[in-house]
Amino acid sequence: MTNKELADVFALVADLLEIRGEVIYKTLAYRKASESLTGLGRDVNDIWKQGGIKALLEIPGVGKAIAEKIDELLATGQLQFLEKLKQDVPAELAELLQIPDLGPKKVGMFYKELGVLSIAQLKEAAEAGKLRDLPGMGEKSEIKILAGIESLGRRSGRLPLGSVLPFAEELLAVIHKLPGVKAAEMAGSLRRMRATVGDIDLIVGAEQPEAVIAAFVALPNVARVLGQGTVKSSVEFHNGMRAQLWVHRPERYGTALQYATGSKDHNVRLREMALDKGLSLSDQAFLKEDGSELLCATEEEVYAVLGLPYISPELREDRGEVQAALKGALPKLVTTEDIQGDLHMHTTWSDGQMSILQMAEAARQRGYKVIAITDHSPSLGLVNGLTPERLQEQRKEIEKARKKMGDSLLILHGIEVDMRADTTLDLPDEALAELDIVIASLHISMRQSRAQVTDRLLAAMHNPHVDIIGHPSNRNLPDREGADLDWDAVLKAAAETGTALEINANPRRLDLDDVQARRAVEMGIKLAINTDAHHSDHMDFLSYGVATARRGWVTAKDVINAWDPKDLLAWLKS
DNA sequence: GCCGTTTTCGGCCCGACTGTTTTCAGTCG
């Protein structure tokens with residue numbers, strides 16, 4: 001079983017326990033373990049094989065009971081505890097929790113009282129008016145459930161960051177202009193720049209919260225108002241996206257923004273620290289023991305009260321950032337300004353939309369000092385990949401572009417060479433040897449076994465001409481999972497061979513992800529943050545790649561395209 | 001069920017909003 005499959009089992013256990021009405025903290029423990037397994041950089045199988053149950057206990061959120069369950073699952077593929085649980089609470093019921101405004105208590109009640117097992121049966125019962133007479137239910141609740149079921153069809157769960165952020169930025173610009181708005185910012189996972197986000201969280205500072213909320217829910221692209229109170233409201237827009245807005249008075253803006261940015265676990269950590277100092281931290285203020293409030297207008301003040309330096313939102317995942325902050329050991333995170341160039345882009349020579357010169361011009365306008373032209377290799381027939389012969393021809397055009405750009409931009413001639421299913425590369429070594437830079441990428445036969453697909457990456461890294469592994473897992477957000485790689489082996493080989501790993505900045509990729517990027521820099525592996533642009537506009541993706549790197553604690557010295565081009569050239573030669 | 005140099009037991013965030021109630025339960029973030 002993979003980490004993901006284990007995590008899914010424990011998430012299901014958590015859902016079913018919750019429906020059964022188990023103590024909430026037991027439920028939370030399973031959910032926490034599930035999340036911990038999802039975010040774990042290492043393969044649980046390896047940990048288990050090397051150290052058994054004892055080693056499993058080292059995983060955060062995994063104690064004796066859950067470690068034994070992981071052991072059972074990995075040994076037998078089954079979990080007796082879950083099989084027994086299913087006899088009480090049918091597993092299908094977990095699906096009903098997906099319906100907005102429907103939680104474990106009501107799902108449990110509908111099952112017990114009416115035998116409702118599926119969304120279809122629930123819909124039938126609601127339409128027949130059978131829900132309204134149950135305790136705590138009424139006509140409105142029934143309508144709400146039907147609306148929730150309908151919205152399930154429209155909504156697609158978590159969306160890639162790249163398809164939400166541009167809309168959220170426009171929305172924020174509109175909110176800034178609403179009367180009485182003193183300050184406004186995104187919060188939540190969007191501000192932390194997670195690869196996928198569920199909805200848009202917004203915080204506003206204003207003297208008269210209710211007026212701002214009234215104006216917000218009246219925006220023309222609001223399709224439905226999901227909730228509206230005196231400090232908080234939530235809406236669904238015509239494009240299906242949802243946003244929640246909290247409005248606080250400006251003197252409370254810092255605690256509010258900090259609170260809403262999360263993550264939940266990061267905030268729990270801060271509240272614990274606050275309690276140690278005799279303070280209770282909420283979105284409103286620090287509450288002192290004598291009942292008086294300590295207000296923070298900025299996030300910096302919140303952290304300062306706790307004796308901490310400011311912690312960037314991208315780091316706020318409770319992955320050791322608070323401990324590092326206490327020690328003054330937070331990394332100096334890479335920024336978009338650090339980036340000197342883009343080392344992965346396509347042109348009309350393969351599947352790009354612009355010429356070499358057009359891409360070069362665009363790069364120069366962005367202030368870049370270096371680019372690499374890296375079109376596809378021949379086996380990707382659909383994209384008109386380059387044969388050794390066409391590479392020779394392309395070289396001539398690169399030369400022309402170099403003359404045109406002069407000293408203002410260094411143009412490297414490269415390739416994105418495919419890793420074939422049989423572990424060979426898609427171009428002969430002689431062809432690769434003539435190029436300035438070689439990216440090797442996985443595109444086809446991703447569903448090979450872990451051993452096979454990992455071997456392809458290892459083989460590529462051991463080829464002396466390969467400089468960078470492009471989008472290592474080849475994931476495609478939000479749906480296509482990456483290849484089932486043995487990350488320990490991949491990272492070890494990258495460290496040994498001195499091969500850089502790419503953080504592909506395309507928001508559908510963000511690959512390496514933040515977790516593996518962090519492991520990579522801890523192992524001294526170099527990274528490249530590239531956009532894989534197929535059009536000059538795609539160079540804008542850079543900020544997504546940088547955000548992913550920042551989430552992975554990456555500093556400028558870890559990133560080869562944040563170096564002075566002279567140092568980059570020396571590294572490529574070595 | 002997990003966790004811990006103040007704790008191996010007793011905590012585990014807590015307030016807003018809604019819809020049902022007539023003071024509160026369920027859901028959400």
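Sequence lines set the chain letters: A, B, ... in the order given, protein chains first and strands last, and positions in each chain run from 1. The structure presented is a predicted model; accordingly, all values stated were derived computationally and were not measured.
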Checklist entry - Should A:R192 and A:E317 count as an ion pair when the cut-off is N to O under 4.0 Å? => result yes

Item to check | B:dC14 pairs with, by Watson-Crick or G-U criteria that keep both distances under 3.5 Å | outcome: B:dG29

Item to check | Gap in Å between the two P atoms, one belonging to B:dC17 and one to B:dT22, rounded | outcome: 23 Å

Checklist entry - Checking all strands, does A:T230 fall into the base, sugar-phosphate, or nothing category for heavy-atom contacts under 4.0 angstrom? => result sugar-phosphate

Checklist entry - Counting only heavy atoms not in A:K69, do more than 12 sit closer than 6.0 Å to its NZ atom? => result yes

Item to check | Same-atom distance (C1') from B:dC9 to B:dG15, integer angstrom | outcome: 28 Å

Checklist entry - Whole-Å distance between B:dC12 C1' and A:K264 NZ? => result 11 Å

Checklist entry - Can you tell me how far P of B:dG15 sits from CD of A:E293, to the nearest Å? => result 12 Å

Item to check | Rounded distance in Å between the P positions of B:dG10 and B:dT23 | outcome: 34 Å

Item to check | Rounded interatomic separation in angstrom, taking NZ from A:K64 and P from B:dC3 | outcome: 14 Å

Item to check | A:A549: partners by side chain to side chain contact (heavy atoms under 4.5 Å, CB included), with sequence neighbours left out | outcome: A:V334, A:I503, A:I529, A:V554

Next on the checklist: Taking B:dG19 as the reference, what is the distance to B:dC12 when you measure between their P atoms (whole Å, please)?
Outcome noted: 31 Å

Checklist entry - What nucleic acid atoms does A:V62 come within less than 4.0 Å of, heavy atoms only: base, sugar-phosphate, or nothing? => result sugar-phosphate

Checklist entry - When you compare B:dT27 with B:dG11, how far apart are their P atoms, in angstrom units rounded to a whole number? => result 26 Å

Checklist entry - Can you tell me how far C1' in B:dC2 sits from the matching atom in B:dT7, rounded to whole Å? => result 14 Å

Next on the checklist: If I take atom CZ in residue A:F286 and atom P in nucleotide B:dG15, what distance separates them, rounded to the nearest angstrom?
Outcome noted: 15 Å

Item to check | Spacing of A:E210 atom CD relative to B:dA16 atom C1', expressed in whole Å | outcome: 13 Å

Checklist entry - Does a sphere of radius 6.0 Å around CD in A:E289 hold more than 12 heavy atoms from other residues, nucleotides or ligands, not counting ones at 6.0 Å or beyond? => result no

Next on the checklist: Between A:G63 and A:L28, which residue's closest nucleotide on DNA chain B lies nearer the 5′ terminus?
Outcome noted: A:G63

Checklist entry - Just by protein heavy atoms under 4.0 Å, how would nucleotides 18-29 of chain B read 5' to 3' in B, S and -? => result SSS-----SSSB

Item to check | Nearest-Å distance once atom P is located in both B:dC14 and B:dT21 | outcome: 29 Å

